[in-house]
Colleague: 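What follows is a structure written as structure tokens; I'll ask about it next.
Proteins get letters first, then strands, A, B, ... in listed order; numbering begins at 1 in each.
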There are 8 protein chains.
Amino acid sequence: MPEVIYGETKEIEQIVLMTRKLLDETGRTIISRVPTEAIEVLRDVFNTYNVRVHGTARAVVIYKPDYVHRRTGGQVGVISAGTSDVPVAQEAALIAEEMGCEVTCIYDVGVAGLHRLLEPLRNLLTKEVDAIIVAAGMDGALPSVVAGLVPVPVIGLPTSIGYGMGGKGIAALLSMLQTCAPGLSVVNIDNGVGAGITAAMIANRVARARSQQSQ
Amino acid sequence: MPEVIYGETKEIEQIVLMTRKLLDETGRTIISRVPTEAIEVLRDVFNTYNVRVHGTARAVVIYKPDYVHRRTGGQVGVISAGTSDVPVAQEAALIAEEMGCEVTCIYDVGVAGLHRLLEPLRNLLTKEVDAIIVAAGMDGALPSVVAGLVPVPVIGLPTSIGYGMGGKGIAALLSMLQTCAPGLSVVNIDNGVGAGITAAMIANRVARARSQQSQ
Amino acid sequence: MPEVIYGETKEIEQIVLMTRKLLDETGRTIISRVPTEAIEVLRDVFNTYNVRVHGTARAVVIYKPDYVHRRTGGQVGVISAGTSDVPVAQEAALIAEEMGCEVTCIYDVGVAGLHRLLEPLRNLLTKEVDAIIVAAGMDGALPSVVAGLVPVPVIGLPTSIGYGMGGKGIAALLSMLQTCAPGLSVVNIDNGVGAGITAAMIANRVARARSQQSQ
Amino acid sequence: MPEVIYGETKEIEQIVLMTRKLLDETGRTIISRVPTEAIEVLRDVFNTYNVRVHGTARAVVIYKPDYVHRRTGGQVGVISAGTSDVPVAQEAALIAEEMGCEVTCIYDVGVAGLHRLLEPLRNLLTKEVDAIIVAAGMDGALPSVVAGLVPVPVIGLPTSIGYGMGGKGIAALLSMLQTCAPGLSVVNIDNGVGAGITAAMIANRVARARSQQSQ
Amino acid sequence: MPEVIYGETKEIEQIVLMTRKLLDETGRTIISRVPTEAIEVLRDVFNTYNVRVHGTARAVVIYKPDYVHRRTGGQVGVISAGTSDVPVAQEAALIAEEMGCEVTCIYDVGVAGLHRLLEPLRNLLTKEVDAIIVAAGMDGALPSVVAGLVPVPVIGLPTSIGYGMGGKGIAALLSMLQTCAPGLSVVNIDNGVGAGITAAMIANRVARARSQQSQ
Amino acid sequence: MPEVIYGETKEIEQIVLMTRKLLDETGRTIISRVPTEAIEVLRDVFNTYNVRVHGTARAVVIYKPDYVHRRTGGQVGVISAGTSDVPVAQEAALIAEEMGCEVTCIYDVGVAGLHRLLEPLRNLLTKEVDAIIVAAGMDGALPSVVAGLVPVPVIGLPTSIGYGMGGKGIAALLSMLQTCAPGLSVVNIDNGVGAGITAAMIANRVARARSQQSQ
Amino acid sequence: MPEVIYGETKEIEQIVLMTRKLLDETGRTIISRVPTEAIEVLRDVFNTYNVRVHGTARAVVIYKPDYVHRRTGGQVGVISAGTSDVPVAQEAALIAEEMGCEVTCIYDVGVAGLHRLLEPLRNLLTKEVDAIIVAAGMDGALPSVVAGLVPVPVIGLPTSIGYGMGGKGIAALLSMLQTCAPGLSVVNIDNGVGAGITAAMIANRVARARSQQSQ
Amino acid sequence: MPEVIYGETKEIEQIVLMTRKLLDETGRTIISRVPTEAIEVLRDVFNTYNVRVHGTARAVVIYKPDYVHRRTGGQVGVISAGTSDVPVAQEAALIAEEMGCEVTCIYDVGVAGLHRLLEPLRNLLTKEVDAIIVAAGMDGALPSVVAGLVPVPVIGLPTSIGYGMGGKGIAALLSMLQTCAPGLSVVNIDNGVGAGITAAMIANRVARARSQQSQ
């Protein structure tokens, strides 16, 4: 499991320090919610490393030159309800990928237009994903709808999109907790990292079971 | 618009008093949330009147013998997400009917099984309903889904079904307030009377417009 | 029903992209909560289009040169309690107008001075409005007062005006949800777009009924 | 100022003990929220005293046989929005009376029917009341309306009437705290005793000023 | 009663417009929470008027040259718990003064050092104040302590001082609402204007009673 | 996935009706939160069926005589923090078993005595469980501790144990949502059924992968 | 440190079982919040033991016949604000005594009558208490007042006394958390056991230091 | 006990004024949460004094040149869960040191890696600390874990680290209030000063007892 540095509340020096320590230990460092002003510093400091900036996901991943990406065969699906939910969804997707999974994303398929959901959902199932992350803010209805349609564990990922009463993701989280659909568990608002790790852990266990047996 | 006596927090004597006063003034009295022990009292006291007990809706309507039911031609749809939401949905339906509307009900079509929703929804639209009440507790997702599918004003009616965080209808109400779907307004948790009045007011205005013009 | 771009949480490029797409599809794009710095960009990018900036409502509407405004005959009333509620009220009015309604506005008639309310309310009724939007922050009492005085569906539109306990529109929203007045349903705090769509949907249904019959 | 025993959370023996102590010290004891089963006990134990039971206000006042009621000349008005608010309003009225004030009550004049309010309010002003208590649950709008109409200090007394979101008096209290009307201060939900004491303190100060000067 | 312009959420032009209107009508305008950048504008625009800036209270009062200050003889006390509560306390004091009262202020006498409170409180009583405003943030305990010590109506004025759980004045307000002391009513957090008006209304009624009788 | 009847809010007749329907369709019915008075009724009505009452879990499962239990090979662990958390933990365990999993339970290993946790946790890992449910009320710290110690997906199951601020499971749920440990997702308070289904879905997917490959 | 059985949420059999286990291990068992119906059962089952029932504290302590009470010399003070706070205060006192401390109690000295507090507080200090527990519901102001007056660690013990907004101890707890007084830490609402343990741990450390040195 | 100036909500001039006053009275001034821009001012104004800036703790302490640091012999432990909790933990440590205690700090030992905790905790106990402050944000689980492992009074210090539901320290505080571990009391979120004072008061009492006896 990757240790992820949560950049938002940290000083740049702290980030650099922790990044170097993790690089030494594991050959790779993932930093989420990177402050914009830290990106150039990281590029400079780690200019002999492989620095990948994931703009939408607000994340940076740095690899040692000899870092080898391992594929686990785990299959994860990521669905997001609205365009504003995409950054959090991308963060989750990135984490799952860094944990070796193949990730299939479906964006912008909110409950207000269910017809747009059914087709891509069917495609997802044919890929045999073993866990689906559904990111949604506002009414947070999408994860319940998805969990009602597919026999796959769904991780509800509420996003801080929404205003007024129940805003900032509160309504979305509460609605997911109150779901009537089976197989839906949740993580906290905007916790893309947590959703990604949980989904990848599930998918990787299945993938490992498959491959172990096939040997 | 009918004045409705909210029975739950009133003494039986108060209910009887207010019932008699309204009967004298309007020829009909609607009492919602009637305490069980009040029903027999009402039957006794008003035994020369027409007393109708609506068990599921927990309501009693009493009419003067010569009360004439007027039909307005208003068409209202009522949808409920789960079996536990039916009493509140029935209360709303009863009120709309007492306001002269024809009411079409669809029960038990939660988000966890969307396929059960589409067919009856299509039937509803062919009836040309002018307002749809959607009662839902728990995740409260159904009103958003319905409002996303039909071009009719939807009144979200959260019910106090649900437990834990966001329970007692809180998550349902918040999710409806945060809806992304157009044309959805809400009333308070378990406010079947309010939903019924609003829907009937809308439907009756349309019906009146139709009939006025046709004369 | 118009699809409205919520500008507040979007990047300018996203707004431009979505605007162009909607213009192509429907000939008109409405953007609410437009970030100030986006307005000039929109004027530049769409300089061959008809760009209307609604300052108070913080909205921009862009039309294809050949866009034809259709009038539905729907009549909507918009009332706001205080001067600080006007922007949200205007947003609602704008949406209803873009949906073809004629909108009559009454501003600055709070509960603390009820005498200022009665006269313009009477004028509103003579216009035969079919839905009234009442925007109020602070104590949120005005929608209840209006709904108690007129036999027209009222959409309560709480605004984020207010401070301390129950501030940011919370007290206003809760007070509207707890209303004793008949025919009042609500939308979320500052949701002028939602209130406008709901009111226009109601008014347009009535108007259509009128005109269909008259043919 | 009378010390009032809050009966609701006390054992009967505790109530009897405290009652006796206060009777000895002051010649009178007021017990609010008296548990039903305590009333007969109080009648029995203090059968040589003057025991007055105020059913609606859920209060008991016990006087020594030689207790002399003093009138201060203070004038207090008490208004309640709905029938369910009457018990709390009565509690407030009782306390003000026991503090020597003359109390004028207006019941059942909610915001949903403002026309019923204006006439009795005018009568109240001709009585020259120096403080007005306005009890209201649900939307809690009435105190704001009253404070906007009269130049007299208003004490908002929210009652625990209301259900769903903002229920149990929460919306009423918050709406009063957010009032736009001048001269409105509030006490906690159902705190009839507190409202009564505050109103009587104000009225008695004015009355004393009047009488002191007239000597 | 003075109409007060709440400056915080208004545009400078709006403030200027409303100021001029009120000046014309009443000869004086009070603006609370004046944005710093508005002060110079007000000085410029109304340079033929008497412009008084109350820095700590964040208020500006503008008078017509011929405006006559009337003294009512009303006596109001203002107490503040900590140095951070002083601005809100000053706002309340200013309003009471503008309503003609004489105001006596005691600052920085929190519950954590009760010995500092008793002496000045005694002085206050010898002044025969008819209403005391007690401003307190944090634990909000001071108003209860004061109301327990003096037989004068106390207006609890919670301030938005405080952090963490119950911060921003929430704990202070709740503690005041839960007071065991008699004669304490409250206004919303930071509502210095409301507290000032209520206190002055009370004090002025007493003063008027005194003077009317003495004639 | 089994459809589970939530007995708590249903009438006995409703339960019987739904039970019979599910028995006909699937040969088995699981009823959670069975009201005590319903148990004997169920035994009577379904006396030709196999009725198993799970006292601690407050659940009843009824099977057709010819119902065949299928074992999936899925391995699930269930841990509970305190004795009061056991009923909810048992409910989760029961559901996982009915979905074909083998369930290993560890009870009474709260954070206040971590030494009691480590040994049984090690045993759990040697069983190769693929999902662990951790039920905890009060501080809700145990799921975070467990997720920090094992590389297995953990489903946090807050229970409604706890009092005062953060009571009824609120603190437990929030603490789990705020976890720093990787691989922890949560369900709502007391949602043993949801936790059981999610864990079993994960374990069964892994088990199926194992067996499919081994063929 | 004594392990305390929280009786409120446990079955009688569970209590008996846990009681026996603890008696065997430590010679003494403390059961808090004992359900009334459990007391006789405990007396019966443990009739050869020394069973002490503490009625007000709602606790039972059972000792082996040969149990030796050890005095530590620790000195703890317990203060309660109102009569309704006494049970929780007594619970705290009992626990501290069972941990070997001498406990001095002061009851019924709320903030609304500070003069009653000063004298007994002075007596407490002459006893050289090393920790003071202050139990208070409602406004929760007393702990702050005490901590401001004495240089001894104070443990704030909010009780669930209070109604309306901030009721059930919420306002009391929040006010204590927001205290301006030094040396005040808090436990949860009604957690007399926790307050007692903390106070006794502090007092016992000081006592041990004293005695160790004197040897 | 040191009086501490809370710098965050004060003007620089106020800080300077209060600093000078305290320096005159006690020879030392501690300012917490010093605004960055105030530091240079303080250095300038008090350039003949000994000014120590504690960057991480965001505090400044200023001493008269002849100020004598007294050591009490009190031993305090400070533990922080994550790197983001260190500033608040340092603030607490600083206060305890300024009160004469020796403070031992353990940083970055969260629940997600319990193995890192046990060793340093053992070292802490060998130092014979008499009070331990445990700072934690997010899930707030560490104080419960520590209090379950050591027989020393623990002061839970929640920090405002955390996001989404239960964020800003809310979940941490609630989880600590709900602890099952004995001897844990809490202060408000980010209240390092309060935690430091409480811990030092306890430790100093023990130290004084030791030394008094040894004389």
Colleague: Quick one: side chains of residues 1-10 of chain E, donor-acceptor pairs under 3.5 Å with protein atoms, not counting sequence neighbours, listed by atom name and distance.
Modeller:
| from | atom 1 | to | atom 2 | distance (Å) |
| --- | --- | --- | --- | --- |
| Tyr6(E) | OH | Glu8(E) | OE1 | 3.0 |
| Lys10(E) | NZ | Tyr6(E) | O | 2.9 |

Colleague: Can you confirm whether more than 12 heavy atoms, excluding those of Arg70(E), are under 6.0 Å from its CZ atom?
Modeller: no
Colleague: Sub-4.5 Å heavy-atom contacts with chain E: which residues of residues 155-179 of chain H show up?
Modeller: Ile170(H), Leu173(H), Leu174(H)
Colleague: Pull out the residues in residues 187-204 of chain E that come under 4.5 Å of chain H, heavy atom to heavy atom, sorted by number.
Modeller: none
Colleague: Got a sec, which residues hit ring pair (Phe, Tyr, Trp, His ring centres under 6.0 Å) with Tyr63(E), two or more places apart in sequence or on another chain?
Modeller: Tyr67(E), His69(E)
